[in-house]
Undergrad: 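Provided herewith is a single structure, encoded as structure tokens, for subsequent inquiry.
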Amino acid sequence: MAKASINRRGTTAVDTHIGQKLRARRTLLGLSQTELADAASISFQQVQKYEKGTNRVGASRLQQFSQALGVPPSYFFEGAPAVGKKAPAPSEGELPEGSIVSFLGTREGAALVRGFLAIKEKSIRHNLIDFIDALKAK
């Protein structure tokens with residue numbers, strides 16, 4: 001009797017990307033890993049593994065996360081690296097999308113975005129961007 005083959009492939013760049021998007025959205029909404037885990041009926045350790053890209057997120061679990069985070073499942077694939085193809089190198093001065101998504105998954109990134117979005121006056125937002133550009137030049 002032949003043994004069933006076991007898939008021993010490691011996680012891919014897409015798995016890591018999905019984990020980063022999961023963390024970024026959770027953090028942006030101000031949810032803890034425990035709260036997201038409770039919504040999906042799993043442990044917070046499992047959420048950690050998904051966010052790190054250590055474990056792959058299955059389709060049904062992705063659907064649960066989508067509902068809990070208020071986004072369509074396609075959200076997690078936006079900007080995902082092409083499978084089997086090299087991503088084009090970012091232009092000079094441009095950050096790779098993965099590092100932006102990763103930053104948004106941090107407390108500082110989420111706080112920065114929340115604060116920026118709370119500024120209602122467009123001229124103040126533009127002044128802030130100009131200020132950041134001036135700091136980068138130093």
Side-chain angles (χ1 to χ4, degrees):
M1 179 189 271
K3 290 184 178 180
S5 66
I6 299 173
N7 183 359
R8 298 217 184 264
R9 293 184 326 185
T11 56
T12 67
V14 173
D15 299 314
T16 302
H17 176 82
I18 289 172
Q20 288 176 339
K21 295 280 282 195
L22 179 64
R23 180 177 172 84
R25 181 67 181 172
R26 176 186 61 75
T27 305
L28 192 61
L29 294 176
L31 295 174
S32 69
Q33 288 178 333
T34 301
E35 290 169 321
L36 182 58
D38 290 347
S41 300
I42 58 175
S43 68
F44 79 90
Q45 291 95 338
Q46 190 62 39
V47 171
Q48 286 177 332
K49 290 177 183 179
Y50 289 140
E51 288 184 353
K52 289 179 183 176
T54 306
N55 287 2
R56 291 182 172 175
V57 181
S60 59
R61 183 76 65 220
L62 193 64
Q63 180 67 30
Q64 288 175 315
F65 288 148
S66 296
Q67 290 171 347
L69 298 173
V71 293
S74 60
Y75 161 82
F76 297 101
F77 295 96
E78 293 169 359
V83 178
K85 294 182 181 177
K86 256 190 160 177
S91 304
E92 187 174 328
E94 181 183 28
L95 291 173
E97 187 170 345
S99 62
I100 294 170
V101 172
S102 182
F103 173 71
L104 291 175
T106 66
R107 289 183 183 162
E108 295 86 4
L112 186 62
V113 170
R114 275 193 214 97
F116 188 82
L117 292 175
I119 300 169
K120 300 300 178 202
E121 287 189 47
K122 193 173 186 178
S123 63
I124 294 174
R125 289 195 308 264
H126 285 291
N127 287 341
L128 184 57
I129 292 168
D130 291 342
F131 175 68
I132 292 169
D133 285 341
L135 290 175
K136 289 188 316 189
K138 292 186 180 212

Undergrad: Which of these passes side chain to side chain donor-acceptor pair (under 3.5 Å) with D15: R56, K52, Q20?
TA: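 Filter result, single survivor: R56.
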Undergrad: Distance from T34 atom OG1 to F44 atom CZ, nearest 0.5 Å?
TA: 5.5 Å
Undergrad: Give me the atom names and distance for the closest heavy-atom approach of P81 to V14.
TA: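 Here P81 and V14 meet closest at O-CG2, 3.6 Å.
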Undergrad: How many angstroms lie between atom OG of S32 and atom CG of D38, to the nearest 0.5 angstrom?
TA: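 Those atoms lie 7.5 Å apart.
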Undergrad: Where the side chain of H17 meets the backbone of G53, is there a donor-acceptor pair that is under 3.5 Å apart?
TA: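 A pair under 3.5 Å: no.
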Undergrad: Looking only at atom types and distance, does a side-chain atom of T106 sit under 3.5 Å from a main-chain N or O of F103, one as donor and one as acceptor?
TA: yes
Undergrad: Considering non-hydrogen atoms only, spot the tightest contact between G70 and R25 and give its length.
TA: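 In this case the closest contact between G70 and R25 is O-NH2, 3.8 Å.
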Undergrad: Does some side-chain heavy atom of L36 sit less than 4.5 Å from a side-chain heavy atom of I42?
TA: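 Side chain of I42 against side chain of L36, heavy atoms only: no contact under 4.5 Å found.
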Undergrad: Could you walk me through whether Y50 and F65 satisfy the ring pair (Phe, Tyr, Trp, His ring centres under 6.0 Å) test, starting with their C-alpha distance in whole Å, then the side-chain angles of each, then the deciding distance to 0.1 Å, before giving a yes or no?
TA: CA-CA 11 Å; Y50 289 140; F65 288 148; 5.7 Å; yes
Undergrad: Should L117 and L28 be counted in the same cluster of Ile, Leu, Val, Met, Phe, Trp and Tyr side chains packed under 4.5 Å apart?
TA: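 Result: yes, single cluster for both.
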Undergrad: Please lay out, stage by stage, how E35 and R26 fare under the test salt bridge (Lys or Arg N to Asp or Glu O under 4.0 Å).
TA: CA-CA 9 Å; E35 290 169 321; R26 176 186 61 75; over 6 Å; no
Undergrad: Roughly how far, to the nearest 0.5 Å, is the OG atom of S41 from the CD atom of Q46?
TA: 12.5 Å
Undergrad: Please check if L112 and L128 belong to a single hydrophobic cluster, counting links between Ile, Leu, Val, Met, Phe, Trp and Tyr side chain heavy atoms closer than 4.5 Å.
TA: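 Cluster IDs for L112 and L128 differ.
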Undergrad: Looking at CD of Q64 and CG of L69, how far apart are the two atoms once the value is rounded to the nearest 0.5 Å?
TA: 11.0 Å
Undergrad: Using a cut-off of 6.0 Å, state whether more than 12 heavy atoms not belonging to Q45 lie near its atom CD.
TA: yes
Undergrad: Can you give me the closest heavy-atom contact between A68 and A39, atom names plus distance?
TA: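 Closest approach of A68 to A39: CB-CB, 3.8 Å.
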Undergrad: Any pair with a residue in residues 62-77 that passes salt bridge (charged side-chain N to carboxylate O under 4.0 Å, His left out), sequence neighbours left out, goes on the list, sorted by first then second residue, please.
TA: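 Matches after skipping sequence neighbours: none remain.
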Undergrad: Taking the side chain as C-beta and beyond, is there a heavy-atom pair between L22 and Y75 under 4.5 Å?
TA: no
Undergrad: Can you tell me how far apart OG (S43) and CD (Q33) are? Round to the nearest 0.5 Å.
TA: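 Going from OG on S43 over to CD on Q33, the span is 10.0 Å.
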Undergrad: Is there a path of hydrophobic side-chain contacts, each under 4.5 Å between heavy atoms of I, L, V, M, F, W or Y residues, that connects I129 with V113?
TA: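 No; tracing contacts between hydrophobic side chains, which count when under 4.5 Å, never links both residues.
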Undergrad: Using 0.5 Å steps for rounding, measure from the CG atom of N127 to the CD atom of E121.
TA: 9.5 Å
Undergrad: Side chain of R125, backbone of F116: donor and acceptor closer than 3.5 Å?
TA: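 Between the backbone of F116 and the side chain of R125 there is no qualifying donor-acceptor contact (under 3.5 Å).
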Undergrad: Hey, does the side chain of R23 reach the backbone of E51 with a donor-acceptor pair shorter than 3.5 angstrom?
TA: no
